[in-house]
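What follows is one structure encoded as structure tokens, with my remarks underneath.
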Amino acid sequence: MKKFPGQPLEQDEPVFREPWEAQAFGLVIALHGQGAFSWDEWATALSESIRAAQEAGDPDTGETYYQHWLAALEKLTVSKGLSAPEEMAARKESWKQAYLATPHGQPIELKPAK
Amino acid sequence: MPHDHDHTEPPSDLELRVKALESLLLEKGLVNPDALNAIIETYEHKVGPKNGAHVVAKAWSDPDFKQALLTDATSAVADLGYMGRQGEHLTVVENIPSVHNLVVCTLCSCYPWTLLGLPPVWYKSAPYRARAVSEPRSVLAEFGTELPESTGIQVWDSTSEMRYLVLPMQPAGTEDWGEARLQALVSRNSMVGVELAKPASTLAQRDAES
């Protein structure tokens with residue numbers, strides 16, 4: 001059987017390829033479940049993020065799908081006033097520093113926010 | 001060579017972004033950690049094409065259910081316990097000798113999650129999203145599905161409010177089969193419409209081998 005170009009057709013492929021994809025997926029479902037946004041708002045944000053990625057040269061073969069998903073989630077989180085870009089950037093840096101400051105093999109813990 | 005153990009290499013930028021977002025949303029009480037874990041567990045292990053296969057096999061073996069399914073799929077599958085989390089509606093489209101149905105989401109990846117689990121990589125890819133509409137017959141051919149020239153192809157574009165499930169044609173020679181046995185012939189791809197249900201002989205062969 002000929003394969004659809006470049007696409008794996010395995011029946012038993014994993015639902016998520018990496019744990020972060022599952023986390024990003026779950027956050028959207030959970031926020032929607034809490035009423036943070038409507039599903040229509042989510043679908044609009046996701047299609048915009050996919051289109052923007054395509055325009056920026058992403059081949060959009062499905063492999064990068066959760067990257068678009070995450071970008072849409074960040075954008076919607078900001079437009080709904082749940083967080084701000086500065087806050088997310090600062091928190092990301094805190095996590096990075098937490099990794100760098102934790103001896104290998106120890107659990108990574110975030111220092112209390114200032 | 002000594003290995004540096006006084007720090008841990010930070011994960012990828014993507015992982016850090018997700019960790020940042022997740023920790024902020026949890027901290028603000030916008031997301032409940034137990035609910036988050038339950039959602040991931042459900043989609044990783046509990047929902048999948050078996051749900052859809054159950055619906056299709058029941059429609060094949062129970063004419064009243066099939067009628068209900070084609071009239072109002074949202075209620076018919078809800079009666080079996082399959083309810084969409086996003087409040088979306090479901091339409092079931094039936095393959096017949098003159099019409100074959102194919103489902104796509106041209107804008108993103110709307111998909112009947114409750115019945116099929118999360119979509120495969122190819123369903124989310126730009127080539128499938130575009131070509132399912134512009135050249136469905138050649139897309140089907142790449143999945144090994146050849147239809148007679150006389151069979152028309154109807155393409156359904158999903159939205160956030162409406163998802164589609166294809167009811168494949170029941171394979172010949174399975175008219176007296178029970179629901180459980182029929183389910184084994186219903187693949188995920190057949191319910192998206194890129195393939196047909198498996199022929200009866202696939203199970204006969206499997207029975208002979210076991």
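Computed over heavy atoms, backbone and side chain alike; hydrogens, waters and symmetry mates excluded. Letters A, B, ... mirror the listed sequences (proteins, then strands); counts begin at 1.
In this structure, chain A has heavy atoms under 4.5 Å from both the backbone and the side chain of B:L107. Only the side chain of B:E161 comes within less than 4.5 Å of a heavy atom of chain A; its backbone N, CA, C and O stay farther away. With a threshold of 4.5 angstrom between heavy atoms, B:L118 approaches chain A through side-chain atoms but not through N, CA, C or O. Neither the backbone nor the side chain of B:E88 comes within less than 4.5 Å of any heavy atom of chain A. For a residue to count as touching a neighbouring chain, one of its non-hydrogen atoms must lie under 4.5 Å from one of that chain's; by this rule A:E87 touches chain B with backbone and side chain alike. For a residue to count as touching a neighbouring chain, one of its non-hydrogen atoms must lie under 4.5 Å from one of that chain's; by this rule A:A36 does not touch chain B. When heavy atoms are compared at a cutoff of 4.5 Å, A:Q34 approaches chain B solely by way of its side chain, counted from C-beta outward.
By the 30° and 60° cut-offs, the orientation of the rings of B:W113 relative to A:F25 is tilted.
Scanning both residues, A:M88 and B:A20, for their nearest heavy atoms gives O-CB, 3.8 Å.
To the nearest 0.5 Å, atoms CG (A:L31) and CG (B:L21) are separated by 8.0 Å.
A distance-only check finds a donor-acceptor pair linking the side chain of B:T8 to the backbone of A:T102 [under 3.5 Å]. Distance alone, capped at 3.5 Å, places no donor-acceptor pair between the A:K96 side chain and the B:P10 backbone.
Between the side chains of A:W95 and B:S23, a donor-acceptor pair is found at a separation under 3.5 Å.
Ranked by heavy-atom pairs shorter than 4.5 Å toward chain B, the options A:L100, A:D58, A:T64, A:T77 are led by A:L100. Of the listed residues (A:R51, A:E18, A:H32), the greatest number of heavy-atom pairs within a distance under 4.5 Å of chain B belongs to A:H32.
Ring-centre distance between A:Y65 and B:W122: not below the 6.0 Å cut-off.
A:K92 has no carboxylate O lying under 4.0 Å from a charged side-chain N of B:E15, or vice versa, which leaves the two without a salt bridge.
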